[in-house]
Amino acid sequence: MEFELLHKDPASKARAGILRTDHSEIQTPVFMPVGTAGTVKGVHQRELEKDIDAPIILGNTYHLYLRPGLETLRGAGGLHGFMNWNRSILTDSGGYQVFSLAANRKLKPEGAWFSSHIDGSKHVFTPENIVDTQRIIGADIIMAFDECTPWPCDLKYASSSLELTHQWLDRGLKQFASTEPLYGHTQAFFPIVQGSVFKELRRASAEFIAEKGAEGNAIGGLSVGEPAEEMYAMLEVVNEVLPFDKPRYLMGVGTPVNILEAISLGVDMFDCVMPTRNGRNGMLFTREGIINIKNRKWMNDYSPIDEHGSSYVDMQYSRAYLRHLIISGEMLGAQIASMHNLAFYLWLVRRAFEEIKSGTFTAWKERILPALNTRL
RNA sequence: GGGGAGAUACCAAAGUGGCCAACUGGGGUAGACUGUAAAUCUACUGUCGUACGACUUCGGAGGUUCGAAUCCUUCUCUCCCCA
């Protein structure tokens, strides 16, 4: 993997660049659709490539390990072949499940003991076997195993959790260095900065991680309930320390506004379930504002879903029709909404790239921001 | 013509003397959702009021009772079986 910085916004920390893996070229800033279980829910790989034009998507180690399981993935030659996706893949390590499935796991220095949410079976994740598993999945970018701390979280807990995440990182790096990719394409390993909402911890974590000289670095444990301002404050601290010439990945974020703000603070990569999950639940993001398509007011609105939209579904179907599909629980409604939202997110970051390139990012961001939060 | 069952809020359906403005679904209205245990979840859904509460409801009318959706009388309507 290589990363090339191309442009820098004069009025902010925003940067535009290009990330190259063995599978695709990725313009940054980039938004990566989340495809937890080997599918971006409701969206065909064909649409993801041809219509939405996503250069990279996410998979999840925890989910894929449980189902279909490593034997199947290895037999398929890795996730790319298994799901017939020839562009890049990044896999999350399961660190987020340490957080979201807290009731089903036990943390120890050696690793995390999980009860499967599917059948209750017991499993152990360690920084080492999470690397091995991600070798088998074969993602282009693989993530360190971390503890994503909950919020709120006191300094003492955040501090000892960070210590654990750092120990796990060293073990993960060692395992990564002593193993090879299985399918003939290279893999990059990203460490993850933690530290909850404490500046000193965040700075210390960023310093610890910067020293590792990884090909890219991630920032985790944010947008877990804290006010957005706290998240931005953490990004400011962390991005002062993380290497300038390596991509910075803000995990799990976020709303369109979050993404633009984070870009202006120097973040290059994003992923979030919001466009797909919220889309399935009837929430549409547009450059004019947010639509709750389930609301009665759209019942007889025969205008296109989004006349400025970049997906073909935007002009092909009316708001009234999409409302009908979603209200009726029809699968196609979820599919159309997911496509629209993903296309919007991808448009947003591509446009950000262009604005950074032309040195107008900050002005553009300020202009577009108020609308993005508007409820239509 | 004979016999039986039943009428409860937008729909379906509990409730058979006070704990009932009335269980539960559905429908409706709104909200939530940020490295996906989510095609999920939450709230409200007789009227007025932010709320405490007040008022009008369980086919119609009348009655019994301190008190009725629940008991009695009667009327209307619906469904089923037999002819």
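Letters A, B, ... mirror the listed sequences (proteins, then strands); counts begin at 1.
Residue A:Thr255 places its side chain closer to B:U34 than to any other of B:U34, B:A37, B:C33. Distances from the side chain of A:Asp271 to the nucleotides B:A30, B:G35, B:U34 place B:G35 closest.
Interatomic distance, CD1 of A:Ile192 versus CD of A:Glu147, reported as 12.0 Å (0.5 Å rounding).
Counting any heavy atom pair closer than 4.0 Å across all strands shown, A:Gln194 reaches a base atom. At the heavy-atom level, A:Asn292 lies under 4.0 Å from the strands shown only through sugar-phosphate atoms. Here A:Arg375 lies in heavy-atom contact (under 4.0 Å) with sugar-phosphate atoms only. A:Thr276 comes within 4.0 angstrom of a nucleotide base, judged by non-hydrogen atoms across all strands. Counting non-hydrogen atoms under 4.0 angstrom, A:Asn60 reaches the backbone sugars and phosphates but no base. Using a 4.0 Å heavy-atom cutoff across all strands shown, A:Gly42 reaches no nucleic acid atom at all. Nucleic acid contact class of A:Leu250 (heavy atoms, under 4.0 Å, all strands): none. When heavy atoms are screened at a 4.0 angstrom cut-off, A:Gln97 is found touching the sugar-phosphate backbone but no base atom.
Taking atom CD1 of residue A:Ile327 and atom C1' of nucleotide B:G28, one finds them 9 Å apart after rounding to whole Å. Nucleotide B:U36 holds its C1' atom 11 Å from the CG atom of A:Asn278, rounded to whole Å.
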